[in-house]
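So the structure is just underneath, and the comments pick up after that.
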2 protein chains.
Amino acid sequence: MAQRGRPRSFDRTAALRQAMEVFWQKGYDNASMADLTAAMGLNPPSLYAAFGSKEGLFREAVAFYVETEGKGIWEEIAKAPTAREAVAHLLEATALAYTSGPEPRGCLIVLGAPQPECASPAIRDDLKKRRLDGVRILEERLERAVTDGEIPNHADCAAIANFYATVQHGLSIRARDGASRETLLSVAGCAMAAWDKLTT
Amino acid sequence: MAQRGRPRSFDRTAALRQAMEVFWQKGYDNASMADLTAAMGLNPPSLYAAFGSKEGLFREAVAFYVETEGKGIWEEIAKAPTAREAVAHLLEATALAYTSGPEPRGCLIVLGAPQPECASPAIRDDLKKRRLDGVRILEERLERAVTDGEIPNHADCAAIANFYATVQHGLSIRARDGASRETLLSVAGCAMAAWDKLTT
DNA sequence: CATTTTATGTATCGATTGATAAAATAAAGC
DNA sequence: GCTTTATTTTATCAATCGATACATAAAATG
């Protein structure tokens, strides 16, 4: 059954992608509705009808970001045969993703709303939760490695997970500062240099 | 010779400290003049007479931050007898500083204006320069360690400096997410676990 | 056809943004 | 005491903020 009423004249997904780019570049608070409507090619009423609010638009933009940019970074965590390969891939994929375009990128989830006093506490908390989810996913992968016998029992999985998550977050800052792909990859390599000592 | 005219009725340094706290909590863009005047206990004209503009106030706040919060973190870099101790102290002092209060802290220089499209490109670039200065200071300390014979010639000082700077930047994000002092110290320890492999 | 429903374009809402003009006030030099 | 200089208070500036009211356009339904 087809929709009633006048159909929308724009590609919702394409508009969402444009919104994601604006939020990625400016962050939640600094991205104005004027910026967003201009980039998306919409008038404000169309935007509000399709996405509800600036907050709703950002939530969808983040979900879209996770499904597109984030997928290649995190999906290998579970698939990799060893925790070491999982972590190494995470950092390398991060380095590649953060230097994929001409513009400074970094992670939308890390940089989208970094201030404790954000215009939208819900947005701030949502991004924070997503970041902490990343730490937890890492920790769970390491604990699985203990079960698998890859890592000894006495290894501090929480500490190791926190360490590699911290490195990954730091890569966002370095990427925004214009660090090259080679530099970020070398940082990933340096972080992996600690692996043996941390897991034996 | 004393000042002519009516002297100001407020403590300029105390007001600057209050402004620093507001910027630290909200970032440059999100801190409104209303926030600042309220925290500093001033009327707008007094603020503008004393600090010139929001941008000027932020610059002074950052300089004040470096002189107070940042001093204990970076001054040991040159003093420490070995590069290893210098880097270890940097990370540990960072972990302590970022968890010194009840509120999520992190670094003002890392988090004060993280967006590529900031309301003030000059502010954004100034903070970026300060971050890159940190990387350079680390690298120079490592190169000195090569000269001193602490580290072999073939060590990649730039890569190592980039790695530890990345960890330090990442600590700001983790601190904002509420990571405990013990967690941040353990991250610092994990980072130092890579030292031997990176320097031999 | 007319009716209903939804989307669009124009214009604008009250609130807040960074920043001042004008006037009142206070302290120093003469 | 008088002048000079600077600060403080009050009120407000134009611009922008996120979000809508309203009228019109385009599709499905009857």
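Side chains included, hydrogens not; waters and symmetry mates left out as well; all remaining heavy atoms used.
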Checklist entry - Other than A/Leu96, which residues form its hydrophobic cluster under the rule that side-chain heavy atoms must be closer than 4.5 Å? => result A/Leu185

Checklist outcome for this item: Side-chain contact check for A/Arg8: nearest option of C/dA27, C/dG18, C/dA7 is C/dA7

Item to check | Donor-acceptor under 3.5 Å (B/Glu150 side chain, B/Ala83 main chain) | outcome: yes

Checklist entry - Parallel, tilted or perpendicular for B/Phe23 and B/Phe58, by the 30°/60° rule? => result perpendicular

Checklist entry - Between D/dT8 atom P and B/Tyr48 atom OH, what is the distance in whole Å? => result 16 Å

Item to check | A/Arg6 CZ - D/dA26 P separation (whole Å) | outcome: 6 Å

Checklist entry - Tell me: CZ of A/Phe51 to P of C/dA7, nearest whole Å? => result 12 Å

Next on the checklist: Check this for me: does the side-chain of A/Arg4 come within 3.5 Å of the base of D/dT29 through a donor and an acceptor?
Outcome noted: no

Next on the checklist: Using OP1 and OP2 only, check whether a side-chain N or O of B/Ser46 sits under 4.0 Å from D/dT8.
Outcome noted: yes

Item to check | Check: A/Asp177 side chain, A/Ala179 main-chain N or O, donor-acceptor pair, under 3.5 Å | outcome: no

Checklist entry - Looking only at atom types and distance, does a side-chain atom of A/Arg124 sit under 3.5 Å from a main-chain N or O of A/Pro114, one as donor and one as acceptor? => result no

Item to check | Backbone of A/Gly106 reached by a side-chain donor or acceptor of A/Trp24 within 3.5 Å | outcome: yes

Checklist outcome for this item: Per nearest nucleotide of DNA chain C, the residue lying toward the 5' end, B/Lys54 or A/Ala49, is A/Ala49

Checklist entry - Which residues within residues 9-45 of chain A lie with some heavy atom under 4.0 Å of an atom in DNA chain C? => result A/Ser9, A/Phe10, A/Asn43, A/Pro45

